[in-house]
S.K.: 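One structure follows; several queries about it will come next.
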Amino acid sequence: MVEVSLPNGTIHEIAAGVSAGDVIKDAFGRGAVAAIINGEPCDLSTPIEESCTLDQIHSESDEGLHVLRHSCAHLLAQAVTQLHPEAKPTIGPPIEHGFYYDFEMGPLGEEDLREIEKKMKYIVKQNLQISREEHDSESLRQMFADNQFKIEIMDDKLDDGAGSSVYRQGEFVDLCRGPHVPSTSYLRHFKLTSTSTAFWRADSNREHLVRIYGMCYATKEDLQARETLLREAALRDHRKLGKDLQLFHIDEMVGQGLVLWTPRGSVVRQELQNFIGEHLRRQGYSQVFTPHIGKLDLYRTSGHFPYYQDSQYPPLVERDLMAKLADDGCSCSELSNLMEEGEIDGYLLKPMNCPHHIRIYSSQPHSYRDLPLRFAEFGTVYRWEQSGEISGMTRVRGFTQDDAHLFVTEDQIAEEVLGCIELVQVIFGVLGMDDYRVRVGLRGEDSSKYVGQSEKWDKAEEACRSAAASLGVPFTEEEGEAAFYGPKIDFVVRDVLGREWQLGTVQVDYNLPERFDLEYAGADGEKHRPVMIHRAPFGSMERFCGVLIEHFAGKFPTWLSPTQIHILTISEKHIDYANEVSEELKVLGVRVEVDDSDNTIGKKIRTHRKMQPSYMLVLGDEEASSRTVSIRNRAGDQVQGVPLDNFMANLLAEISTRSSEQKLVSKLD
RNA sequence: GCCAACGUUGCACAGCUGGUAGUGCUCCUGAUUUGUAAUCAGGUGGUCGGGAGUUCAAAUCUCUCCGUUGGCUCCA
């Protein structure tokens with residue numbers, strides 16, 4: 001007999017050799033997918049030979065889902081190799097919500113995916129045992145002799161001559177550490193979602209593989225919930241809503257990743273800019289304006305040109321100079337070299353605003369009494385994003401940062417960074433974006449990616465760390481996430497699908513002041529070097545608006561609504577009154593639209609709902625005769641007979657407080 | 001940039017294995033003057049992403065370029 005102690009302190013006495021699964025079923029009931037013996041995850045089928053501690057991994061726990069999804073990946077690989085014997089499985093890990101598996105094989109279409117899924121379901125019905133086997137190095141290499149990927153994994157992961165485990169289900173065998181569920185019948189709630197390509201070892205120079213993605217859950221309900229969420233997310237996709245609500249347009253003829261803000265979208269952007277403008281005035285910023293291009297040499301000095309050459313639009317070179325170089329037989333690559341070496345100059349579309357702001361700083365002598373100086377500009381910058389990366393408003397080639405650069409003394413860093421962070425928090429608070437995390441980006445291993453001396457980096461990183469710590473919210477420190485000139489504090493927002501978007505950012509920079517030889521006169525009469533803080537609370541107007549559209553599902557708070565009020569007349573008798581109400585609202589700065597068409601009121605409501613105004617006013621005989629309005633909100637709630645003056649006062653209050661709630665229609669009425 | 005799929009009127013879609021395009025909504029014109037999610041009837045609108053090729057004939061097949069989507073890689 002051996003003793004098995006459970007987490008709750010009880011001890012089971014069992015005969016040696018009984019499987020962990022049997023003990024777990026006795027102790028915990030059903031629902032386990034794997035066991036933990038002496039702290040080590042293992043299969044339920046593992047026989048218990050000596051006294052130990054034992055715990056279960058339940059299918060609905062994080063670890064359990066991990067096991068389930070991993071086993072599902074194997075199931076996928078088995079189905080694929082049955083249908084496509086030539087396919088070579090490579091790796092297939094569990095991921096959030098599901099799993100993927102990469103194969104070396106020919107391309108797959110939609111029908112292939114459905115066929116594979118069918119095969120998977122068939123294998124589940126067969127209820128194949130999934131069993132673990134230990135093999136030595138030699139037999140492993142024989143087993144996977146025709147799969148160079150598995151061999152490579154062994155070469156990489158296993159010590160010389162060491163063996164490993166494989167998992168077998170039916171004819172399918174995969175090199176794997178496990179643990180796995182006991183049989184294929186445990187895998188019920190999955191769905192293949194998409195195929196794509198991936199590179200072996202994430203290296204674009206190596207084999208191109210076909211990746212199949214699937215999702216997998218412990219219960220039918222969880223799987224359905226995920227499917228519902230995905231459907232709803234598709235409905236609030238900013239690319240779809242941007243079109244439906246006429247917020248922005250991206251035009252083939254203009255160029256990939258170049259956002260055209262339409263009148264309705266521009267309202268949203270302008271309101272956001274006004275909003276932040278109020279806080280900039282409060283915090284003592286100065287507005288500046290700078291052009292969209294600058295000399296190459298400016299960006300050689302800053303480091304942007306050498307460090308990010310591949311992701312910039314190519315430089316502009318003067319026509320005469322180009323002609324002369326062409327006459328001299330200069331090739332493109334020679335031209336590029338000459339530019340890099342600084343032999344010839346050109347202009348660059350600005351990839352960042354800081355160099356321009358720095359030169360404004362340098363245009364005058366400064367004393368410590370001037371600092372901090374805070375230059376703010378909604379500056380549009382251009383970056384040559386890879387074509388496959390460009391998407392809607394969230395990943396673009398031209399975007400406007402709500403940028404500012406603060407020139408401060410070392411003593412002022414902490415306070416000024418906090419001011420910047422406060423700004424981000426005010427914005428997120430007003431917009432109700434509370435699902436975000438704070439990331440402190442530090443420099444990584446590869447020193448060639450960063451400029452400046454390491455002491456300066458140490459100081460800047462410490463400043464960021466202590467500022468983040470003083471926030472009182474959890475934050476993570478991540479190496480390799482710094483800008484090339486300094487560390488940063490990023491605000492990363494999670495959307496409904498759990499995708500993360502970097503929006504607000506605050507960066508402490510000792511390096512650009514050095515590169516541009518910035519100085520100020522100190523109280524001691526000596527020259528000192530200021531420190532720069534870069535910050536953009538929205539990040540980019542394009543990305544922020546894209547995320548905001550999805551955040552609100554197109555139903556903007558009244559202060560942001562492209563059209564706040566749509567007035568619908570009952571019949572043509574009421575057009576005069578409608579126009580009168582419209583004029584009064586316009587005088588107050590309310591964005592209002594009148595529908596005086598001869599459609600029925602039902603039809604008008606249906607049509608206007610699509611544009612998501614904050615409120616619709618329905619005006620007929622009753623309203624016209626009593627100077628009242630009938631208000632209908634987005635939810636379809638309505639209240640009639642509200643005196644016009646009352647309505648206007650309440651509407652203005654809702655707008656000026658930037659309320660996210662629609663309060664003008666109360667059920668109490 | 002890489003791989004795959006896709007690209008038909010402002011929007012959403014039909015058009016099977018090749019025979020010069022259809023529907024709904026929008027829009028316009030009539031009729032209707034309407035009380036909270038579609039009144040009726042008529043009409044406009046497309047050289048089927050661009051270019052080239054195969055064919056008697058191409059939206060439909062091939063090539064190429066552009067763009068979109070999903071991933072991969074990247075993001076100051």
Side-chain angles (χ1 to χ4, degrees), chain A residues 100 102 106-110 112-113 193-213 234 237 239-240 243-244 246 249-257 299 302-305 307-312 350-355 381 383-392 394-397 399 401 441 449-451 481-486 488 502 505 507 509 512 534 536 540 543 568-575 596-610 616-623 630-633 636-640:
Chain A
Y100 68 79
D102 289 346
L108 294 175
E110 267 299 307
D112 294 311
L113 216 57
T193 49
S194 62
T195 64
S196 76
T197 53
F199 307 120
W200 174 241
R201 296 276 159 103
D203 181 348
S204 57
N205 297 315
R206 299 214 46 187
E207 292 89 338
H208 289 190
L209 308 172
V210 172
R211 175 170 298 179
I212 302 175
Y213 281 94
D237 188 315
R239 292 168 301 195
K240 177 181 162 46
K243 202 178 272 184
D244 292 350
Q246 296 163 24
H249 171 66
I250 295 170
D251 193 275
E252 266 189 48
M253 211 166 177
V254 174
Q256 253 195 315
Y299 301 104
S302 69
H304 290 100
F305 182 60
Y307 278 89
Y308 285 96
Q309 213 175 127
D310 290 344
S311 43
Q312 286 162 358
K350 69 179 173 190
M352 279 194 57
N353 301 303
C354 27
V381 298
R383 297 178 188 176
W384 186 260
E385 300 287 353
Q386 296 183 39
S387 64
E389 272 312 324
I390 291 169
S391 171
T394 47
R395 205 60 197 278
V396 292
R397 282 189 174 156
F399 58 92
Q401 297 176 316
K449 284 172 73 178
Y450 307 100
V451 296
E481 289 292 328
F484 76 85
Y485 47 74
K488 54 184 189 164
Q502 187 205 306
T505 182
Q507 308 170 359
D509 176 11
L512 291 184
H534 310 237
S540 108
R543 173 176 291 181
L568 317 181
T569 54
I570 295 289
S571 82
E572 64 189 8
K573 286 182 292 182
H574 314 113
I575 293 176
D596 58 4
S597 69
D598 57 0
N599 287 318
T600 59
I601 192 64
K603 170 74 169 181
K604 288 185 191 183
I605 287 168
R606 190 183 163 87
T607 306
H608 286 264
R609 250 183 68 87
K610 289 181 187 154
M616 289 187 241
L617 301 184
V618 174
L619 303 185
D621 282 338
E622 274 179 49
E623 289 76 16
S630 162
I631 312 170
R632 181 191 166 98
N633 68 12
D637 306 322
Q638 43 177 300
V639 52
Q640 303 189 354

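By convention in this document, chain letters (A, B, ...) are assigned in the order of the sequence lines, proteins followed by strands, and residues within each chain are numbered from 1.
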S.K.: When the P atoms of B:A4 and B:A14 are considered, how many whole Å apart are they?
M.R.: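 My reading of the P atoms in B:A4 and B:A14 gives 24 Å.
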S.K.: Once each nucleotide of nucleotides 37-50 of chain B is scored for protein heavy atoms under 4.0 Å, what B/S/- sequence comes out, 5' to 3'?
M.R.: BBB-----------
S.K.: Where the side chain of A:His208 is defined as all heavy atoms beyond and including C-beta, which of B:G35, B:C72, B:C3 is the nearest nucleotide?
M.R.: B:C3
S.K.: From CD of A:Gln401 over to P of B:A76, roughly how many Å is that when rounded to an integer?
M.R.: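 So the CD-P distance, A:Gln401 to B:A76, works out to 11 Å.
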S.K.: Calculate the interatomic distance between A:Phe484 atom CZ and B:C75 atom P; express it in whole Å.
M.R.: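 Whole-Å distance recorded here is 13 Å.
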S.K.: Assign each of A:Glu572 and A:Ala483 to its nearest nucleotide of RNA chain B by heavy atoms, then name whichever residue's nucleotide is nearer the 5' end.
M.R.: A:Glu572
S.K.: When you compare B:C6 with B:C13, how far apart are their P atoms, in angstrom units rounded to a whole number?
M.R.: 15 Å
S.K.: State the pairing partner of B:C6; accept Watson-Crick or G-U wobble contacts with both distances under 3.5 Å, and report none otherwise.
M.R.: B:G67
S.K.: When rounded to the nearest Å, what value does the distance between C1' atoms of B:C48 and B:G7 take?
M.R.: 10 Å
S.K.: Can you check whether A:Leu619 reaches A:Leu568 side chain to side chain, under 4.5 Å on heavy atoms?
M.R.: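 No, side chains not in contact.
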S.K.: Answer yes or no: side-chain N or O of A:Thr607 and base N or O of B:U26 forming a donor-acceptor pair under 3.5 Å.
M.R.: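 There is none.
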S.K.: Rounding to an integer number of angstrom, what distance separates B:A21 and B:G45 when you compare their P atoms?
M.R.: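 14 Å, rounded to whole Å.
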S.K.: For A:Tyr485, which contact category applies under a 4.0 Å heavy-atom criterion: base, sugar-phosphate, or nothing?
M.R.: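 Since only primed, P, OP1 and OP2 atoms lie under 4.0 Å of A:Tyr485, the category is sugar-phosphate.
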S.K.: What is the distance, rounded to the nearest whole Å, between atom NZ of A:Lys243 and atom P of B:C11?
M.R.: 6 Å
S.K.: Does any nucleotide pair with B:A21 by Watson-Crick or G-U wobble geometry, both distances under 3.5 Å, and what is it?
M.R.: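 No nucleotide pairs with B:A21.
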S.K.: Using whole Å, report how far CZ of A:Phe305 lies from C1' of B:A76.
M.R.: 15 Å
S.K.: Over all heavy atoms of both residues, which pair between A:Ser391 and A:Arg239 is shortest? Give the atoms and the distance, please.
M.R.: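 In this case the closest contact between A:Ser391 and A:Arg239 is OG-NH1, 3.3 Å.
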S.K.: With both distances kept under 3.5 Å, what pairs with B:C28, Watson-Crick or G-U wobble?
M.R.: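 Pair assignment: B:C28 / B:G42.
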S.K.: Could you measure between the two C1' atoms, the one in B:U62 and the one in B:C74, and give it in whole Å?
M.R.: 34 Å
S.K.: Check every strand shown and say whether A:Asp310 touches a base, only sugar-phosphate, or nothing at a heavy-atom separation below 4.0 Å.
M.R.: nothing
S.K.: Tell me the closest heavy-atom pair linking A:Arg543 and A:Gln502, and the distance in Å.
M.R.: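 That would be NH1-O, 3.1 Å.
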S.K.: Side chain to side chain contact (heavy atoms under 4.5 Å, CB included) for A:Glu207 and A:Arg201? Distances and angles first, verdict last.
M.R.: CA-CA 9 Å; A:Glu207 292 89 338; A:Arg201 296 276 159 103; over 6 Å; no
S.K.: So A:Phe484 and A:Tyr307, would you call those rings parallel, tilted or perpendicular, with 30° and 60° as cut-offs?
M.R.: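 Rings of A:Phe484 and A:Tyr307: parallel, under 30°.
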S.K.: Which residue, A:Leu209 or A:Pro351, contacts RNA chain B at a nucleotide closer to its 5' end, judged by nearest heavy atom?
M.R.: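 In this pair, the answer is A:Leu209.
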S.K.: Sticking with atom P, work out how far B:G30 lies from B:G19, rounded to a whole angstrom.
M.R.: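 It comes out at 41 Å once rounded to the nearest Å.
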S.K.: Check whether the side chain of A:Arg395 and the base of B:C74 form a donor-acceptor pair under 3.5 Å.
M.R.: yes
S.K.: Hey, does A:Thr193 reach any base, or is it just sugar-phosphate, or nothing, if we go heavy atoms under 4.0 Å?
M.R.: nothing
S.K.: Mind checking the C1' distance from B:U55 to B:U20? Whole angstroms is fine.
M.R.: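 About 14 Å, rounded to a whole number of Å.
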S.K.: In whole angstrom, what separates A:Leu113's CG from B:A4's C1'?
M.R.: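 From A:Leu113 CG to B:A4 C1': 12 Å.
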S.K.: Search all heavy atoms of A:Gly255 against all heavy atoms of A:Ile250 and return the closest pair with its distance.
M.R.: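 Between these two residues, the closest heavy atoms are O-CG2, 4.2 Å.
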S.K.: How is A:Glu623 classified with respect to the nucleic acid when contacts are heavy atoms under 4.0 Å: base, sugar-phosphate, or nothing?
M.R.: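 The residue A:Glu623 makes base contact.
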S.K.: Distances under 3.5 Å only, N/O to N/O: pair up the protein atoms with those of nucleotides 68-70 of chain B.
M.R.:
from	atom 1	to	atom 2	distance (Å)
B:U68	OP2	A:Gln256	NE2	2.5
B:U69	OP1	A:Arg239	NH1	3.2
B:G70	OP1	A:Arg239	NH1	3.4
B:G70	OP1	A:Arg239	NH2	2.8
B:G70	OP2	A:Arg239	NH1	3.2

S.K.: What is the distance, to the nearest angstrom, from the CD atom on A:Gln309 to the P atom on B:A76?
M.R.: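 That distance rounds to 17 Å.
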S.K.: Measure CD/A:Gln386 against P/B:C3 and give the value in whole Å, please.
M.R.: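 Taking CD of A:Gln386 and P of B:C3, I get 13 Å after rounding.
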S.K.: Any side-chain heavy atom of A:Pro355 sitting closer than 4.5 Å to one from A:Lys350?
M.R.: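 They are not in side-chain contact.
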S.K.: Please check if the side chain of A:Thr600 supplies one atom and the backbone of A:Lys603 the other of a donor-acceptor pair under 3.5 Å.
M.R.: yes
S.K.: If we call it a pair only when both distances are under 3.5 Å in a Watson-Crick or G-U wobble match, what pairs with B:U36?
M.R.: none
S.K.: Send over the distance from A:Tyr100 OH to B:C72 C1', rounded to a whole Å.
M.R.: 10 Å
S.K.: Under the side chain to side chain contact (heavy atoms under 4.5 Å, CB included) rule, collect the residues that match up with A:Val396, sequence neighbours excluded.
M.R.: A:Val259, A:Phe399, A:Glu542
S.K.: Considering every strand and a 4.0 Å limit on heavy-atom distances, what is the contact class for A:Glu622: base, sugar-phosphate, or nothing?
M.R.: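 Base contact.
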S.K.: Check every atom of B:G35, B:A12, B:A76 against the side chain of A:His304 and return the nucleotide holding the closest atom.
M.R.: B:A76
S.K.: Kindly say whether A:His304 contributes a backbone atom to a donor-acceptor pair with the side chain of A:Gln312 at under 3.5 angstrom?
M.R.: yes
S.K.: Take A:Gln638 and A:Met616 through the test side chain to side chain contact (heavy atoms under 4.5 Å, CB included) and record every step on the way to the result.
M.R.: CA-CA 9 Å; A:Gln638 43 177 300; A:Met616 289 187 241; over 6 Å; no
S.K.: For B:U47 versus B:C11, give the span between their P atoms, rounded off to a whole number of Å.
M.R.: 14 Å
S.K.: So how far is it from A:Asp596 CG to A:Thr569 OG1, rounded to the nearest 0.5 Å?
M.R.: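 One finds 6.0 Å between CG of A:Asp596 and OG1 of A:Thr569.
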